[in-house]
Asker: 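Shown below is the structure under consideration.
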Amino acid sequence: MIDIRSFRDILRLFYIFKKEFMWAMIATTVLIVLAAFFLPSRYVSEARLLVKPGRAMSTVPIEYSDRQTLVAPSTQRDPIVDEEKMLTGRPIIRKVAEFYMSEMNENTEKNGWKLVKYYIKQGVSEVIEGVRFIVVFIGLAETQTPVERLASKLEKQFSVSHEAGSSVMEISFTWDNPLIAQRVVNKWVAIYQEERAQKLANNSLYEFYDVESQRLAKQVAETKLQITEKLKLIDGMSSKERLESLTDRINKVSAQRGEGSAEQQGLEKGIISASRRAAGLPQEVSKEREVGLNPVQQDMKLKLSGLVLERIDKLKNYQDQAPPVLELNNSIRMLKEQITEEKDNLQRSENLVPNELVTMLKRSALERDTRQIELKAQIAAYDQELLKLKQERQRILSVDPDLSRLERDLAVAEKNYLLYVNSLEKSRIDRELDNNRISNIAVIEQATFTPSRVFPKSLLMLFMALPAGIAVGFFVIYLCYLLDQRIHDGGKVQSHFDVPLWTTIMEHEGNKVVPSFEASIYRLYSQLPLDILKQQGLNIGITSSRKGEGVSFIMTHFQRILSERGIKSRIADDESATAGEVVLIDASALLVNPDAFIRLKQADLILMVIEARQSTVPMVENTLSILNTAFKKVDGVIINRRRFEISSGLLSRISR
């Protein structure tokens, strides 16, 4: 537990953990140097493949453009990922491993340091094989053939990638020999192209389309023959046209029959009306007639004129009321009545002829009757024709389902035939492309031969060995600072343990009096309650967690300081202090000394000594908890053997 307050405290960390720093720096530097010389060299061979858009990259069915089916868009899917999966597939890696074991020879000429590294590698391989044999023998791993182990190793060293939106696959292979790396990449690409051509080859597709196209051609011919026979039965080019013709003729005949029927009904009503009219008309009419004045009436008028004249003569001799005048008046009246009853004119002669209207009505009725007979015959002909037309239509309707089915089958068969013929040509082209090993994968950069190794960078590692060791050393110092539970000074003691810090005693070596040491002892004296000391004295118990933390040493020097200040002091265990006297009670090694508790019962003040760089936080916490449990108080803490790890010369330079 170190309180970091300034750069000096950071330097203290360095001096405190200097040994750990040196070990970490030396170990890191040595490991980097050894790695620079002993790590196996790695060389990279690179190649690039261009994936061109083509038939193998199609993500839609072959009949998409013909049928116009609904196809989900494939823009979100990168087809080059499939090529990368195929390129790094286990079958290809296994074939490359078999090629490597059968044809590659790693026993190239080696000399100098390369030969040493080669033998070291062989020795490590033998050790790994022995460990693998033991692991397999006890059942912790499965047996693997050399080809499988080599394939796993090749897979780890091989990588393929492509940039987003790019159609170029970048291949990288790392191995311990640049020439072998180049040959492996070339063979890998060759095996990939061969395997890809075999997997994507459609050798059976051409035969399938050929057989299907021939079958459909035969089906089309048979269907056309059946349609021809059906058309002969209906005597037409198609059932639809024939039905439309018959329907049109039936509609026309039905319309004509309706017109004839309506006309027939009109003629019947006309004949009835004419007969009625003819029956109500006279059969003969007068052609010429002679009319003259009625002679009876004329004679009566002459007689009346005579009576009127006679009355006039009578009036000359008689009064109006005279009987002769009255008799004449009565005669005149009666004669006038008779004249009124008589007709003015009389028919002398008349010429009678037949009635032309009756004759015309009879002629019209005869004509209408004749027309009605014609219409009846015409309607009967229409009915007979309609019956024949309907029977013909019914016959065609009975044939139409089969004919329609055959026409549909013919349309579907012809469409499928065209699709199969087009697909047959495409499959033939694909077969020829596969036979000639033509694909949409182009090698735009052959496997490179790179004699400069990519790992390890020995010069860089040697150059960076010491800085890296120093950095690791400082990191180890930081880890030690985080993990260190020792108490080095009193910076955080009071805040952490909630106990007052009375003093921090510097480490004292030899008999030389150091002012800082004397000041820390005098600080103990300054903490004493002098009023209580003068009135009743003080019993001061000094304890520690374990032996050797300096309780006796502190008591000796404290007693010396008290004597110098003129205060009586003694070291005792069972006698209490008197007024003006200080009794120091030794209760060291509290955790292993049961008598320490008995001695501390008489203490007025309890002080706990903590040895710097030796006591740990958990130990001090445990001791304080015991004291608080037993006596409910701990009056102060003394840090003993506090050391400035930084040299005085460096401290003086820092202070300047």
Side-chain angles (χ1 to χ4, degrees), residues 1-3 484-507 520-533 535-559 561-562 567 569-577 581-642:
M1 186 172 68
I2 304 174
D3 188 14
D484 189 18
Q485 294 290 316
R486 296 177 299 172
I487 298 174
H488 294 269
D489 52 32
K492 294 183 179 180
V493 169
Q494 186 168 350
S495 61
H496 187 80
F497 299 112
D498 196 20
V499 178
L501 176 64
W502 275 40
T503 186
T504 300
I505 301 175
M506 301 300 297
E507 187 174 12
S520 61
I521 299 298
Y522 268 97
R523 182 173 173 80
L524 282 177
Y525 170 75
S526 65
Q527 299 289 338
L528 295 177
L530 299 178
D531 296 337
I532 299 176
L533 173 62
Q535 294 176 4
Q536 58 185 19
L538 285 175
N539 297 312
I540 301 175
I542 301 177
T543 184
S544 64
S545 300
R546 56 185 179 81
K547 290 183 178 181
E549 294 198 45
V551 173
S552 300
F553 176 79
I554 292 173
M555 290 175 63
T556 301
H557 285 278
F558 190 28
Q559 188 177 10
I561 294 298
L562 292 173
I567 300 174
S569 62
R570 57 188 173 86
I571 299 175
D573 295 336
D574 52 356
E575 295 181 5
S576 299
E581 185 183 19
V582 175
V583 175
L584 301 177
I585 301 172
D586 186 356
S588 60
L590 181 67
L591 299 179
V592 296
N593 186 11
D595 296 335
F597 289 96
I598 300 173
R599 296 172 185 174
L600 289 175
K601 289 181 180 180
Q602 301 178 8
D604 299 320
L605 296 175
I606 298 176
L607 302 179
M608 180 179 177
V609 178
I610 298 174
E611 184 180 3
R613 297 178 289 108
Q614 297 298 327
S615 298
T616 61
V617 172
M619 183 186 298
V620 173
E621 288 178 347
N622 185 28
T623 305
L624 289 174
S625 65
I626 292 174
L627 291 173
N628 287 324
T629 303
F631 306 104
K632 296 183 180 180
K633 66 173 182 175
V634 176
D635 296 289
V637 172
I638 300 173
I639 303 296
N640 188 28
R641 295 176 184 172
R642 165 79 163 82

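FYI, side chains are in, hydrogens and waters are out, and symmetry mates aren't considered; it's all heavy atoms of this structure. In what follows, residues are counted from 1 in the order of the sequence shown.
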Asker: Would you mind telling me which of Ile487, Val499, Val637 makes a side-chain contact (heavy atoms from CB on, under 4.5 Å) with Val620?
Answerer: Ile487

Asker: What distance separates Leu524 CG from Ile638 CD1, expressed to the nearest 0.5 Å?
Answerer: 4.5 Å

Asker: Return the CD1 to CG distance between Ile532 and Leu605, rounded to the nearest 0.5 Å.
Answerer: 7.5 Å

Asker: Say you draw a straight line from CE of Met555 to CD1 of Ile571; how long is it, rounded to the nearest 0.5 Å?
Answerer: 4.0 Å

Asker: Which pair of heavy atoms, one from Ala603 and one from Gly541, lies closest together, and at what distance?
Answerer: CB-N, 3.6 Å

Asker: Could I get the full list of side chain to side chain contact (heavy atoms under 4.5 Å, CB included) partners for Thr616, not counting sequence neighbours?
Answerer: Gln485, Arg486, Pro618, Met619

Asker: Just by distance, do the side chain of Ser569 and the backbone of Val582 share a donor-acceptor pair under 3.5 Å?
Answerer: no

Asker: Are any of the side-chain heavy atoms of Val617 and Phe497 separated by less than 4.5 Å?
Answerer: yes

Asker: Taking only residues two or more places apart in sequence, or in another chain, which ones meet Gln527 in a side chain to side chain contact (heavy atoms under 4.5 Å, CB included)?
Answerer: Trp502, Arg523

Asker: Among pairs that include at least one residue of residues 619-628, which meet side-chain hydrogen bond (donor to acceptor under 3.5 Å, both in side chains), considering only residues two or more places apart or in two chains?
Answerer: His496-Glu621, Ser545-Thr623

Asker: Testing the basics here: between Ser544 and Ala589, what is the closest heavy-atom pair and its distance to 0.1 Å?
Answerer: OG-N, 3.2 Å

Asker: With sequence neighbours excluded, tell me which residues meet side chain to side chain contact (heavy atoms under 4.5 Å, CB included) with Glu611.
Answerer: Arg546, Glu549, Gln614, Ser615, Arg641

Asker: Kindly compute the distance separating CG (Asn539) from CG (Leu600), expressed to the nearest 0.5 Å.
Answerer: 11.0 Å

Asker: With a 4.5 Å cut-off on side-chain heavy atoms, are Leu528 and Phe558 touching?
Answerer: yes

Asker: Apply side chain to side chain contact (heavy atoms under 4.5 Å, CB included) to Thr504 and list each qualifying residue two or more places apart in sequence or on a separate chain.
Answerer: Leu501, Ile639, Arg642

Asker: Could you tell me whether a side-chain N or O of Ser588 sits under 3.5 Å from a main-chain N or O of Thr543, the two making a donor and an acceptor?
Answerer: no

Asker: To check you understand the geometry: which heavy-atom pair defines the closest contact between Phe597 and Phe631, and what is its length?
Answerer: O-CZ, 3.6 Å

Asker: Is there a donor-acceptor pair closer than 3.5 Å between any side-chain N or O of Asp635 and the backbone N or O of Ile606?
Answerer: yes

Asker: Could you give me the CA-CA distance, side-chain angles and deciding distance for Ile505 and Val609, then say whether side-chain contact (heavy atoms from CB on, under 4.5 Å) is met?
Answerer: CA-CA 10 Å; Ile505 301 175; Val609 178; over 6 Å; no

Asker: Can you tell me how far the CG atom of Asp586 sits from the CG atom of Asn593, to the nearest 0.5 Å?
Answerer: 8.5 Å

Asker: Drop me the distance from Leu590's CG to Lys547's NZ, to the nearest 0.5 angstrom.
Answerer: 13.0 Å

Asker: Using the test side chain to side chain donor-acceptor pair (under 3.5 Å), find all partners of Tyr525 that sit at least two apart in sequence or belong to another chain.
Answerer: none

